[in-house]
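Heads up, the thing below is written out as structure tokens.
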2 protein chains.
Amino acid sequence: MNVRLKPISADSPQAQPGCAACVANELNLCQAVSEACAVLPWGESIEIGGSNHVVPARRIVFREHDMRDAVPIICEGWAASAVLLPDGRRQILSFLLPGDIVSTALLFDARASCLVEAVTDVRYRAFKRPELKAALHKRPDLLEKFSKAWIDEKARADQLIVDLGRRSAEQRLARLILGLHERLTRLGLVPAGALEMGFPLRQHHIADATGLTPVHVSTVLSEFRKSGVVKISERWLTILDPDRLRRVANR
Amino acid sequence: MNVRLKPISADSPQAQPGCAACVANELNLCQAVSEACAVLPWGESIEIGGSNHVVPARRIVFREHDMRDAVPIICEGWAASAVLLPDGRRQILSFLLPGDIVSTALLFDARASCLVEAVTDVRYRAFKRPELKAALHKRPDLLEKFSKAWIDEKARADQLIVDLGRRSAEQRLARLILGLHERLTRLGLVPAGALEMGFPLRQHHIADATGLTPVHVSTVLSEFRKSGVVKISERWLTILDPDRLRRVANR
DNA sequence: CGGTGTCTTGAATACCATCAAGTCTTGTGG
DNA sequence: CCACAAGACTTGATGGTATTCAAGACACCG
């Protein structure tokens, strides 16, 4: 079973304007924005350069100042928003999955304090901030949608604070896996009830997300494997013992 | 110099409606909300029970479900929003200072995932969520103000993630002190340039905010004191060597 | 084919937690 | 006002978790 992700090209079927084939999360911000803007009196598109932005894996999608007037939303692939430290280490704030806005704070403020890196090949749309903001003021339903995204973002950040402040390496890894599995299930990228998922993260991603070192991530994951809790191979993860994993994760 | 904070009573001068004597942060949400609502067509107040809510130190201001329809803003005193773990430990997400909204997410969603505890005596106002939300839709300037509060809240959360994930105990403590000093200075609760501040936090607060144990907080603070970086006594903190503290904090 | 990135494993060490005892302060009821 | 209890802080000893350093196996890519 040599699973391999197809590389994304700008003219793949999913890249057509309107995102007809979009993996919509329950909010589907892209759709909402597009619809809202169709009604508004602007000649040109609210998007920057259409919906065909593609970034290959491991490349940086945005640096801090690249997001000055753009509000990016991930359409396809996995990305990570991270903070760099002067000594070269880094901390991942959040993994971004399809349907995720890079940061809801970008709606109101041009400054971003983090950079975004592609984990897999990533396709995204970028909306013009001033126009989007104007649309937000005119369309209460749009504000409602974005507020949900923001609540979600903040809840995940708060959970990460608790994980990093008060939980062991074992627990952090278990919770990361369960959290991603849950998000992917909600997105429909994992069938309901399924315990397998495509898992493109390298161990250094996991380390940077959980505040650990790659070496220690390797050790703990080996223990998970040996004790039959999960199986990881070929960028694919299977939860073998969901009960035990949840018990470890305290969920 | 036996400094002691005056207890807050509901009919102290600061407690008058309108918050004339309010320690306004640069946003002054209370003021903005009050003004915005004066123009709106409601018979009764947008506030719950006036502006006289007072909670003594160490008491819980809100539990998770107490914030169902209230959006609280701190007027006076220090509070902490925290998450409890099943084993009784806890993680403080943020210290709340005068002018702070408890959580901007409360504007849109009634569920709160944290509880709020008074560090000192605390006075707060509570606004009715549905009414506030309606006002938000009608007054773009109000949305603008709240978005600033939200960006601030998120930036602090992100910084805390980096601190807990990638910094040593020494650095976390230095950054906590500098961060609080900066916020108090912006609020005008510490004169510009001054290096002294009232510091009501117990070491267990510091421990819960930095993801450490009280014992280790004590040890590191002792080192800070012995090396002449800060002085702490009688709930009062003086930064003796700001350069060194900033160097430790990586700022 | 070498080079780079990824992962694994082992050994030594550092940092912080835990356990424990004791001092000092603060608050409370007799 | 005093006695007592509870909370807050300090300090030392010990142990565990995670880091650092190092070396090697393996896959992938130009």
Side-chain angles (χ1 to χ4, degrees), chain A residues 2-5 7 56-59 85 87-91 117-121 163-174 176 199-226 230-237 248, chain B residues 1-5 7 56-59 85 87-91 117-121 163-174 199-226 230-237 248:
Chain A
N2 198 336
V3 179
R4 184 184 278 262
L5 301 173
R58 302 186 17 185
R59 211 66 61 79
L85 278 83
D87 62 6
R89 293 181 307 162
R90 60 179 201 171
Q91 175 65 44
E117 191 185 306
V119 175
T120 65
D121 292 351
D163 288 353
L164 297 181
R166 291 296 182 209
R167 293 193 215 266
S168 68
E170 232 188 354
Q171 291 182 303
R172 295 183 207 177
L173 291 185
L176 178 68
F199 198 76
L201 299 183
R202 308 278 150 165
Q203 293 191 353
H204 76 258
H205 290 123
I206 302 178
D208 288 338
T210 52
L212 303 168
T213 56
V215 176
H216 199 233
V217 169
S218 171
T219 310
V220 176
L221 283 184
S222 296
E223 282 162 15
F224 278 7
R225 248 183 273 120
K226 273 169 204 158
V230 298
K231 198 182 94 179
I232 308 180
S233 62
E234 315 266 356
R235 312 285 147 218
W236 202 259
L237 188 150
V248 170
Chain B
M1 181 166 80
N2 198 335
V3 180
R4 184 183 280 262
L5 301 173
R58 301 187 15 184
R59 211 68 60 81
L85 277 83
D87 62 6
R89 294 182 306 163
R90 60 179 201 171
Q91 176 65 44
E117 191 183 306
V119 174
T120 65
D121 291 352
D163 289 353
L164 297 181
R166 291 297 183 208
R167 293 191 215 267
S168 68
E170 233 189 353
Q171 291 182 304
R172 295 183 208 177
L173 290 184
F199 197 77
L201 299 183
R202 309 278 151 165
Q203 293 191 352
H204 75 260
H205 290 123
I206 301 179
D208 288 338
T210 53
L212 304 168
T213 56
V215 177
H216 200 233
V217 169
S218 171
T219 311
V220 176
L221 283 183
S222 296
E223 283 162 15
F224 277 8
R225 250 183 269 118
K226 274 169 201 156
V230 298
K231 198 182 93 179
I232 308 180
S233 61
E234 316 265 357
R235 312 284 146 218
W236 203 258
L237 187 151
V248 171

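Every chain is numbered from 1, with letters handed out A, B, ... down the list of sequences. All values below were derived from every heavy atom in this structure, side-chain atoms included, with hydrogens, water molecules and symmetry-related copies excluded.
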query: Closer to the 5' end of DNA chain C via nearest nucleotide, is it A:L201 or B:R89?
result: A:L201
- prompt: What integer distance in Å separates B:L237:CG from D:dC9:P?
  reply: 13 Å
- line: In numerical order, the residues of residues 209-223 of chain A whose heavy atoms come under 4.0 Å of DNA chain C are A:V215, A:S218, A:S222
query: Hey, mind stepping through B:I206 and B:L221 against side-chain contact (heavy atoms from CB on, under 4.5 Å) and telling me if it holds?
result: CA-CA 10 Å; B:I206 301 179; B:L221 283 183; 4.2 Å; yes
- request: Provide, to the nearest angstrom, the distance between the CZ atom belonging to B:R202 and the P atom belonging to D:dA6.
  value: 18 Å
message: As a test of reading the structure: which of C:dT6, D:dA8, D:dT10 is closest to the side chain of B:R235, going by heavy atoms?
response: D:dA8
query: For A:E170 and D:dA18, what is the distance between atoms CD and C1' respectively, to the nearest whole Å?
result: 13 Å
message: Does atom CZ (A:R59) have a neighbourhood of more than 12 heavy atoms from anything else shown, all under 6.0 Å?
response: no
- prompt: Under the side-chain hydrogen bond (donor to acceptor under 3.5 Å, both in side chains) test, which residues partner A:R202, sequence neighbours left out?
  reply: none
task: Check B:T210 against B:L164 and note the closest heavy-atom contact, atom names and distance.
output: O-CD2, 3.2 Å
statement: Taken to the nearest whole Å, CZ/A:R172 to C1'/D:dA18 is 9 Å
- request: Look up atom OG1 in B:T120 and atom CZ in B:R235, then write down how far apart they are to the nearest 0.5 Å.
  value: 12.0 Å
D:dT10 OP1/OP2 closer than 4.0 Å to side-chain N/O of B:Q203: yes
- prompt: Whole Å only: how far is the CG atom of A:D208 from the C1' atom of C:dT6?
  reply: 14 Å
query: Roughly how far apart are B:Q203 CD and B:T213 OG1, rounded to 0.5 Å?
result: 10.5 Å
task: Could you tell me whether the side chain of A:D208 and the main chain of A:Q91 form a donor-acceptor pair under 3.5 Å?
output: no
statement: Checking D:dT10, C:dG5, D:dA8 against the side chain of B:R225 (C-beta onward), the nearest is D:dT10
query: To the nearest 10 degrees, what angle separates the axes at the start and end of the helix from C:dC1-D:dG30 to C:dG30-D:dC1, five pairs each?
result: 40°
message: Using whole Å, what does the distance between atom P of nucleotide D:dA8 and atom CD1 of B:I232 come to?
response: 16 Å
query: For the atom pair CZ (A:R90) and CD (A:E117), what is the distance rounded to the nearest 0.5 Å?
result: 4.5 Å
task: Please report, rounded to the nearest Å, how far the C1' atom of C:dC7 is from the NE2 atom of A:H205.
output: 14 Å
- line: The reported gap from CD in A:Q171 to CZ in A:R166 (rounded to nearest 0.5 angstrom) is 12.5 Å
query: Which whole-number value in Å describes the distance from A:R58 CZ to C:dT4 P?
result: 12 Å
